[in-house]
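Lettering follows sequence order; numbering is per chain, from 1.
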Protein chains: 2
Amino acid sequence: MSTSAESYHHGDLRTALIGAGLSALEGPDGATLSLRGLARTVGVSATAVYRHFPDKRALLAALAGEGLRQLGESQAAAAQAAGGGAKGFAASGRAYVRFALAHPALFRLMFSQGNPADFETRENDLARDLLSEMTLELTGNPVAAERMAHQAWAIAHGIAMLMLDGRLPAEPALIDELLDTDALFFGSTPKAATTTDR
Amino acid sequence: MSTSAESYHHGDLRTALIGAGLSALEGPDGATLSLRGLARTVGVSATAVYRHFPDKRALLAALAGEGLRQLGESQAAAAQAAGGGAKGFAASGRAYVRFALAHPALFRLMFSQGNPADFETRENDLARDLLSEMTLELTGNPVAAERMAHQAWAIAHGIAMLMLDGRLPAEPALIDELLDTDALFFGSTPKAATTTDR
DNA sequence: CCTATAAAGTCAACGCCGTTAACATAGCGC
DNA sequence: GCGCTATGTTAACGGCGTTGACTTTATAGG
């Protein structure tokens, strides 16, 4: 009865806090959201938060979990829209980076927690499951699939992070180019290199 | 005369602060270093810091710059020890990830600043220059070199970050496997999943 | 040599933060 | 109807980054 509609005392504080937290993460200075500030925007005393979360970390973990869920949804939708298969796989990779660029503070939060076990649950782990499924489908080999999953995750995550940090320009064309699995490293080596023409 | 030996009032505070900051970043809870705490360990009043850095961000930027310099050194050393060429390139990639795992808080700090321009200087940008040189040497083509550099950076960075966050196990064998340029994605799989496009 | 000036450091204070303890209130089960 | 428990409040603590007004010290110039 803690997480239902809106009834008793003030409303559903837990849900309200998470909502406020998510929207605070969207604005500028989303990197520095404070427990007190959050309580203020929800219109509640600072210490009321502690009835729903043991401490700030727990609140952040909940936000990260929600972000993870949304990321999984985005990727799944993108993969399906692209018609699955290799196209879908590539689309889910682009969706990963796009999500990071669209929600920088949330994305950073999702990957700066102590240990993922605090908020990675069966339900919000869609992204991970999807990745496993897709690579298995593409390779047909569990061992190769796992390596492919790891490498794909790493490169998408690397691109996302470097762009968020301003180390790489956050241009859509660059995302596509770097994620292009046909052109990875030497894939198109000698002459090819001319792929960039456009 | 602000950054020289050690002479006048207290010593070279700026250098001392950076040293203390770097060593604080090595310990646990290095993620939460405080200006006051740093001043305390150096044996100086909290506000003395402001004679050398306009604010905390500037101090952190200085630490990040120093970290960047060290990272470049590590990579250059590893590349040279491996004899340059493709071997050297692979070695520098491993060194990148190893550095991240060896100095988690420092590495995170290096890649969570607002904009890199604040601390990326000609002298500490060794890592970036090295990467450009190596990929150009390997491809012989400026365009291909740049893409290779971006992709290599992204995958190394992704591996490092995911391991730091506990999303991937931080095992040396896995680092090697994921960085293996010959086995990237479909490199070693038969049918290569035929990504089709293009 | 001695003094003006500016660099380097100190102290007190402000407002914000996360968190704890003690207290108030409202809804539900018996 | 009563008590229990979930939910919320107020007051307070210590720590933080930062500012302003002050003190000390090194050094440069007459």
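Contact between B/Ile155 and B/Leu178 at its shortest, heavy atoms only, is CD1-O, 3.8 Å. Across all their heavy atoms, A/Ala100 and A/Leu164 have their closest contact at O-CD2, 3.5 Å.
For the pair B/Leu38 CG and D/dC16 P, the computed distance is 11 Å after rounding to whole Å. To the nearest angstrom, P of D/dG15 lies 15 Å from CG of B/Asp29. Straight-line distance from the CG atom of A/Leu17 to the C1' atom of D/dT7: 13 Å, rounded to whole Å.
The phosphate of C/dG9 has OP1 or OP2 within less than 4.0 Å of a side-chain N or O from B/His52.
In terms of modelled atom types and a separation under 3.5 Å, the side chain of A/Asp55 and the main chain of A/Ala58 share a donor-acceptor contact.
Sorted by first and then second residue, the side-chain hydrogen bond (donor to acceptor under 3.5 Å, both in side chains) pairs involving residues 71-84 of chain A (not counting sequence neighbours) are A/Arg69-A/Glu73.
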* Structure fact -> For nucleotides 17-23 of chain C, 5' to 3', base contacts (B), sugar-phosphate-only contacts (S) and non-contacts (-) with protein non-hydrogen atoms under 4.0 Å give BBBB-B-

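To the nearest 0.5 Å, the span separating CG on A/Leu63 from CE on A/Met110 amounts to 11.5 Å.
Using a cut-off of 4.0 Å between Lys/Arg side-chain N and Asp/Glu carboxylate O, A/Asp180 and B/Arg147 are scored as not salt-bridged.
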